[in-house]
Amino acid sequence: MDGDTVQRLRMLAHSLWGRATHDSEAALGDSFDVRVADSLDLVAHGEPGVAFENLAQNVYEFDAPLTESEYRAFAEIGGSQVRARGVVSG
């Protein structure tokens with residue numbers, strides 16, 4: 001993952017702080033913000049791809065709402081991962 005994409009991933013993660021509802025956290029028995037922090041730690045330790053996958057999974061699990069801009073950021077970062085791996089559809 002290139003440096004610009006890594007920076008966008010950091011910004012995306014930070015924008016998600018506090019997004020999960022108390023009900024979703026209670027149902028899962030965990031804190032969404034702790035999981036976001038874990039993703040940021042993975043980025044800091046050179047694992048941005050794993051961080052992105054975890055962040056997307058946690059948004060799904062906690063049913064965290066996304067803005068249109070955040071949705072686009074997920075799509076663009078995910079697309080850059082696919083292109084970087086040389087995966088081609090169709």
Side-chain angles (χ1 to χ4, degrees):
M1 192 178 287
D2 67 60
D4 289 339
T5 305
V6 169
Q7 182 58 28
R8 291 187 69 212
L9 177 57
R10 282 189 192 107
M11 291 172 54
L12 175 60
H14 283 289
S15 75
L16 296 172
W17 285 105
R19 194 63 61 87
T21 66
H22 176 72
D23 289 342
S24 66
E25 290 182 323
L28 291 168
D30 204 353
S31 166
F32 180 72
D33 289 346
V34 167
R35 291 194 184 183
V36 171
D38 290 345
S39 290
L40 288 167
D41 285 343
L42 284 166
V43 172
H45 289 94
E47 294 289 346
V50 175
F52 175 72
E53 291 172 13
N54 288 354
L55 191 60
Q57 180 67 30
N58 287 316
V59 164
Y60 172 77
E61 285 182 9
F62 284 85
D63 198 23
L66 298 176
T67 65
E68 187 174 326
S69 175
E70 291 162 345
Y71 184 85
R72 277 194 312 270
F74 267 109
E76 290 167 4
I77 294 168
S80 74
Q81 285 290 92
V82 170
R83 287 187 296 279
R85 292 180 182 168
V87 177
V88 181
S89 65

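- For residues 12-26, the set of pairs meeting the salt bridge (charged side-chain N to carboxylate O under 4.0 Å, His left out) definition, not counting sequence neighbours, comprises Arg19-Glu70.
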- Message: Please determine whether side chain to side chain contact (heavy atoms under 4.5 Å, CB included) holds for the pair Thr5 and Phe52, giving the CA-CA distance in whole Å, both sets of side-chain angles, and the decisive distance to 0.1 Å.
- Response: CA-CA 10 Å; Thr5 305; Phe52 175 72; over 6 Å; no
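- Atom CG of Asp4 is surrounded by 12 or fewer heavy atoms from other residues, nucleotides or ligands within 6.0 Å.
- Listed here is the closest heavy atom pair of Leu55 and Leu9: CD2-CD1, 4.0 Å.
- Open room surrounds NE2 on His45; 12 or fewer heavy atoms of other groups in view lie less than 6.0 Å from it.
- Every residue two or more places apart in sequence or in another chain that forms a side chain to side chain donor-acceptor pair (under 3.5 Å) with Glu61 is listed here: Arg35, Gln57.
- Closest non-hydrogen pair, Phe32 versus Leu16, comes out as CE2-O, 3.3 Å.
- With sequence neighbours excluded, the residues that form a side-chain contact (heavy atoms from CB on, under 4.5 Å) with Asp33 are Trp17, Ser31.
- Residues Asp30 and Phe62 share a closest heavy-atom pair of O-CE2, 3.6 Å.
- Among all heavy-atom pairs drawn from Met1 and Pro48, the shortest one is SD-CB, 3.6 Å.
- Contact record, Leu42 with Ala51: CB-CB, 3.8 Å, taken as the closest heavy-atom pair.
- Ser39 contributes atom OG, which lies 11.0 Å from atom NE2 of His14 (distance to the nearest 0.5 angstrom).
- Connection of Leu12 to Tyr71 is established within a shared hydrophobic cluster, with ILVMFWY side chains joined at heavy-atom distances below 4.5 Å, either directly or through further cluster members.
- Nearest heavy atom pair, residue Val36 against residue Ala13, reads CG1-O, 3.4 Å.
- Taking CG from Asp41 and CD from Glu47, the interatomic distance works out to 12.5 Å, rounded to the nearest 0.5 Å.
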